[in-house]
Structures are given as structure tokens and as C-alpha cells.
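Below is one structure, written out as C-alpha cells, with a few remarks after it.
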Amino acid sequence: MKKTIFTLGVSALVAASVFAQEFNPSSSVLGELNTKPNAEATANQEALSENAEDKTLSAQEISKSIEKVDGIKIFASVLKNSSDKIKEVDSDTGVTVLAPIDAIADTGKITQNISDYIVPEKLTKENLEAKSSVQTLSGKTLPVEVKDSAILINNVEVAGLADSADDKVAVLRLANNFSEATSVALAE
């Protein structure tokens with residue numbers, strides 16, 4: 001009887017040891033097979049994330065990038081709270097935010113038409129001056145004019161170009177909101 005119990009005990013220990021070895025990734029071939037796909041999957045996922053990050057920006061990412069730009073805090077705040085209206089912006093070059101300066105920013109107008117203030121292309125002063133229009137995230141085409149030394153987008157003067165915290169986001173400070181009259185022109 002003692003011999004039988006001893007044999008069963010030893011058998012149980014051996015079985016437990018074999019069982020543990022099969023599920024210990026560092027000590028079995030099965031473990032090596034299990035870690036390689038995970039490493040490859042992680043590498044693939046990181047590559048996809050990098051590509052997605054290169055081409056898409058969320059409203060949260062854009063607002064975080066512009067929140068420290070002087071003079072457009074109101075716009076940045078409205079944009080941050082607009083993730084229900086702007087899910088993602090898909091662009092290879094980045095985005096341009098057309099942000100009314102704080103002194104004249106109308107949160108109601110901006111909130112209502114937030115995607116009229118985002119261009120899914122990173123603009124510089126030089127390439128903006130060469131354009132006759134820009135297309136906004138909402139799909140509206142806004143005319144661009146250069147009068148004397150001023151640049152006008154949809155008859156609103158660009159008060160300046162600012163750097164954001166992210167090289168994917170350009171900020172054009174607007175000297176005014178898009179007015180009711182220009183909003184009607186936008187819809188045409």
C-alpha cells in the first residue's frame with residue numbers, strides 16, 4: 001500500500017513537472033513558438049500604428065498640438081471638445097488649423113462649423129500665397145486672395161502663421177471668424 005501511494009505521488013510530481021514545462025515559455029519549444037508570433041504581431045501592430053499616426057490625426061491630437069499657441073486658446077478648447085464632430089483627419093502632409101484669434105473668437109460659430117476651420121493639408125505662407133483656394137475638412141472650398149501684403153481666406157485676413165507643438169500641424173491665426181455672409185458663401 002505504501003509503495004502504491006509513493007508511486008502515485010511520484011507519478012503526480014512527474015506529471016506536474018512535465019505539465020509546467022510545457023506551459024513555461026522560457027523552457028520549451030512550445031514557449032518559443034508562442035513568443036515569436038507575439039513579437040511579430042507586436043512589430044506589425046507598431047508599424048501599422050506608425051503609418052496610421054503619420055496619416056491621421058484626431059481632434060484631441062490636433063487640439064493638444066495647438067493648445068500652447070498664443071492667441072488661440074478659445075479655438076483650441078472648442079476643438080478639444082469637438083471629438084464627436086471630428087473623429088480623424090486623414091492627410092499625408094499634416095493639417096492646417098484656421099483659428100480665429102481669442103479677441104474675436106465666437107465659440108458658437110466655431111463649434112457649429114468646426115470642420116470649416118480645418119484644412120487636411122499642412123500649409124506654409126509660400127504655398128498658401130500660390131493657391132487660389134483651399135478645401136476644408138467639411139469639403140467646402142474657400143477662396144484664397146493676396147491683397148497688397150495681406151492673405152485673405154474666404155475674405156478673412158490671416159493675422160499670422162504660428163508654430164504648433166507638432167510638426168504635422170500648422171496654425172493660421174485669423175483676424176475674424178467666418179461671418180454669416182461668408183458662411184452662406186461656404187455652403188454654395
Flag yes if more than 12 heavy atoms outside Lys122 fall under 6.0 Å of its NZ atom; otherwise flag no.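 Above 12, so yes.
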Is it true that, when you exclude Asn127 itself, more than 12 heavy atoms of the residues, nucleotides or ligands shown sit nearer than 6.0 Å to its CG?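 Yes.
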Closest heavy-atom pair and its distance - [X], [Y]:
X: Val171; Y: Ala99; value: CG1-CB, 4.5 Å
X: Asp116; Y: Ser138; value: OD1-OG, 2.5 Å
X: Pro120; Y: Val95; value: CA-CG1, 4.2 Å
X: Phe75; Y: Leu98; value: CE1-O, 4.0 Å
X: Gln135; Y: Val119; value: O-CG1, 3.5 Å

[Y] side chain reached by [X] side chain, heavy atoms, under 4.5 Å:
X: Ile66; Y: Val169; value: yes
X: Pro100; Y: Asn176; value: no
X: Thr136; Y: Leu142; value: yes
X: Thr141; Y: Val134; value: no

To the nearest 0.5 Å, tell me how far [X] [atom1] sits from [Y] [atom2].
X: Glu157; Y: Leu152; atom1: CD; atom2: CG; result: 6.0 Å
X: Leu137; Y: Asn113; atom1: CG; atom2: CG; result: 12.5 Å
X: Ser115; Y: Lys140; atom1: OG; atom2: NZ; result: 7.0 Å
X: Lys109; Y: Ile104; atom1: NZ; atom2: CD1; result: 9.0 Å
X: Ser58; Y: Lys80; atom1: OG; atom2: NZ; result: 11.5 Å
X: Lys168; Y: Ile62; atom1: NZ; atom2: CD1; result: 11.0 Å

Would you please test Asp102 and Lys73 for salt bridge (charged side-chain N to carboxylate O under 4.0 Å, His left out) and show each step? CA-CA 7 Å; Asp102 288 342; Lys73 305 291 186 210; over 6 Å; no
If you apply the rule side chain to side chain contact (heavy atoms under 4.5 Å, CB included), what do you find for Arg173 with Ile72, and how did you get there? CA-CA 7 Å; Arg173 291 187 191 109; Ile72 62 163; 3.9 Å; yes
Keeping the roles fixed (side chain from [X], backbone from [Y]), state whether a donor-acceptor pair exists under 3.5 Å.
X: Glu129; Y: Val146; value: no
X: Ser63; Y: Gln60; value: yes
X: Asp148; Y: Ala150; value: no
X: Ser133; Y: Val144; value: no

Under 3.5 Å, is there a donor on one side chain and an acceptor on the other for Ser65 and Ser164?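 Distance-only check passes for Ser65 and Ser164.
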Tell me whether Leu161 is reachable from Ile101 by hopping between hydrophobic residues (I, L, V, M, F, W, Y) whose side-chain heavy atoms are closer than 4.5 Å.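 Cluster IDs for Ile101 and Leu161 differ.
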For side chain to side chain contact (heavy atoms under 4.5 Å, CB included), just list the numbers for Leu128 and Leu172, CA-CA rounded to whole Å, side-chain angles, deciding distance to a tenth of an Å, and then say yes or no. CA-CA 10 Å; Leu128 182 61; Leu172 295 177; 3.6 Å; yes
Does Glu121 pair with Lys131 as a salt bridge, N-O distance under 4.0 Å?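 Between Lys131 and Glu121 there is a salt bridge, with a charged N closer than 4.0 Å to a carboxylate O.
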Please walk me through it: do Tyr117 and Leu79 pass side chain to side chain contact (heavy atoms under 4.5 Å, CB included)? CA-CA 10 Å; Tyr117 292 88; Leu79 181 61; over 6 Å; no
